[in-house]
**Q** 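Dropping a structure here in structure tokens format, bear with me for questions.
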2 protein chains.
Amino acid sequence: MSIQNGLSRRERQILDILFKRGRATAAEVHADLPDRPSNSAVRAHLRTLEEKGHVKHEAEDLRYVYSPAVQPAKARKSALRHVVETFFEGSPANAAAALLDSSAASLTGDDLDRLSALIDKARREGR
Amino acid sequence: MSIQNGLSRRERQILDILFKRGRATAAEVHADLPDRPSNSAVRAHLRTLEEKGHVKHEAEDLRYVYSPAVQPAKARKSALRHVVETFFEGSPANAAAALLDSSAASLTGDDLDRLSALIDKARREGR
DNA sequence: GAGGATCTGTTAGTTTTCTAGCAGGCTGGC
DNA sequence: GCCAGCCTGCTAGAAAACTAACAGATCCTC
């Protein structure tokens, strides 16, 4: 189950923006939201998200800067697991293949080397 | 932007189940939902999703069998793109690496061969 | 030190989501 | 026929999400 599963539509959008940017003020989040709600509404949501423990803030010269409360690594893993579960029958290999297949053109030589290395590593460990 | 972004919490949960199972009756969707709403509520949501065009149904001896209205391939791509965007700075390679890294143990030899082949292919085309 | 700009918190109201319950149709067994 | 079981559609009310507007605080400029 995804980490974002108990959240409302708006809360999820806001949390996504925070994951994407790492950290952001209420105004920045507001600017990134698709259908331009009121700034006040965004702030209210940020406070709610903080209450629920999904977000934290620190004061930075007079304004609040928000960031996700979970470690990025954990969030990434959770997001991937959810996609693999619901769209790839639980097979990470299928997901990885789809990823490679649809982005083949944009991968650099370094990317490919890195992925090859990971595969070799898995091969050695799996033996 | 994810295909599921305009949906409410429940609708998203329901749609996820349909993607996971491919097709399902209202009762099956109901059984898979985490916090057990009423069967009637689930049916209402399915009808709403159908109105919005996210889901379609066909009658199968007296009951409705629902399935996602978009092709699975498109849904998969969209889901991956969204995760890559919001959690991996838009880099499919990073996402693929995370996938390989965290699932290395469960990958079979065949999986690894297939992925190697994809990487080789990308290498040839990218040259 | 008054006015403006920018931020937060709170309040109260609207809108949407979410839900249970009931009515009606079809099927199969008694 | 008639009852039980399962399904759909509908309706109305509760709950939650969402929002605008206002009030207070701080900083900067004139």
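In this text, all values refer to a predicted model and were calculated from it rather than measured experimentally. Throughout, a chain's letter reflects where its sequence line sits, starting with A, and its residues are numbered from 1.
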**Q** Taking all non-hydrogen atoms of both residues, which atom of A/Ala95 and which atom of A/Val84 are closest, and how far apart?
**A**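 Where A/Ala95 meets A/Val84 most closely, the heavy atoms are CB-CG2, 3.8 Å.
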**Q** Whole angstrom is fine here: how far is it from CZ in A/Arg47 over to P in C/dT11?
**A**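 Interatomic distance, CZ of A/Arg47 to P of C/dT11: 11 Å.
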**Q** Taking atom P of C/dG9 as reference, at what distance in whole Å does atom CZ of A/Arg63 sit?
**A**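 Rounding to the nearest Å, CZ of A/Arg63 and P of C/dG9 are 14 Å apart.
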**Q** With sequence neighbours excluded, give me every side chain to side chain donor-acceptor pair (under 3.5 Å) pair touching residues 40-50 of chain B.
**A**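 Qualifying pairs: B/Asn39-B/Arg43, B/Glu50-B/His57.
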**Q** Could you list the residues that satisfy side chain to side chain donor-acceptor pair (under 3.5 Å) with B/Glu58, not counting sequence neighbours?
**A**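 Counting only residues at least two positions away or on another chain, B/Glu58 forms a side chain to side chain donor-acceptor pair (under 3.5 Å) with B/Arg23.
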**Q** Rounded to the Å, how far apart are B/Leu46 CG and D/dC10 P?
**A**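 My rounded result for the distance is 15 Å.
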**Q** Hey, does A/His82 have a side-chain heavy atom less than 4.5 Å from the side chain of B/Asp16?
**A**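 Side-chain contact under 4.5 Å: yes.
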**Q** Between D/dG9 atom P and B/Leu49 atom CG, what is the distance in whole Å?
**A**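 Computing the B/Leu49:CG to D/dG9:P distance gives 14 Å.
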**Q** Restricting to side chain to side chain donor-acceptor pair (under 3.5 Å), what partner residues turn up for B/Lys56, sequence neighbours left out?
**A**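 So B/Lys56 forms a side chain to side chain donor-acceptor pair (under 3.5 Å) with B/Ser67.
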**Q** Output the rounded distance in Å from NE2 (B/His30) to P (C/dC18).
**A**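 It is 15 Å, rounded to the nearest whole Å.
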**Q** Please state how far atom CD in A/Glu28 lies from atom C1' in C/dT8, giving the value in whole angstrom units.
**A**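 Checked: the CD to C1' distance equals 16 Å.
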**Q** Any N/O pairs under 3.5 Å between the protein and nucleotides 23-30 of chain C? List them or say none.
**A**
none

**Q** Measuring from B/Asn94:CG to B/Leu99:CG, what's the distance to the nearest 0.5 Å?
**A**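 Separation between the atoms: 12.0 Å.
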**Q** If you check the B/Ala27 side chain, which of C/dT19, D/dC7, C/dT10 turns out closest?
**A**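 Given the options C/dT19, D/dC7, C/dT10, the side chain of B/Ala27 is closest to D/dC7.
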**Q** Listing time: all N or O pairs from protein to nucleotides 14-18 of chain D that are below 3.5 Å?
**A**
unit_1: D/dC18; atom_1: OP1; unit_2: A/Arg10; atom_2: N; d: 3.4
unit_1: D/dC18; atom_1: OP2; unit_2: A/Ser8; atom_2: OG; d: 2.3

**Q** Would you check, one step at a time, whether the test salt bridge (Lys or Arg N to Asp or Glu O under 4.0 Å) holds for A/Asp113 with B/Arg123?
**A** CA-CA 10 Å; A/Asp113 290 346; B/Arg123 235 184 213 115; 2.4 Å; yes
**Q** Less than 4.0 Å between a side-chain N and a carboxylate O, is that true for B/Arg21 and B/Asp32?
**A**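 Here B/Asp32 pairs with B/Arg21 in a salt bridge, since their nearest N and O are under 4.0 Å apart.
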**Q** From CD of B/Glu60 over to C1' of D/dC6, roughly how many Å is that when rounded to an integer?
**A**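 Checked: the CD to C1' distance equals 15 Å.
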**Q** In whole angstroms, how far is the P atom of C/dT17 from the CG atom of B/Asp35?
**A**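 Taking CG of B/Asp35 and P of C/dT17, I get 17 Å after rounding.
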**Q** Name all residues meeting the side chain to side chain donor-acceptor pair (under 3.5 Å) criterion together with B/Arg9; count only those two or more places apart in sequence or in a different chain, and write none if there are none.
**A**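 So B/Arg9 forms a side chain to side chain donor-acceptor pair (under 3.5 Å) with B/Asp35.
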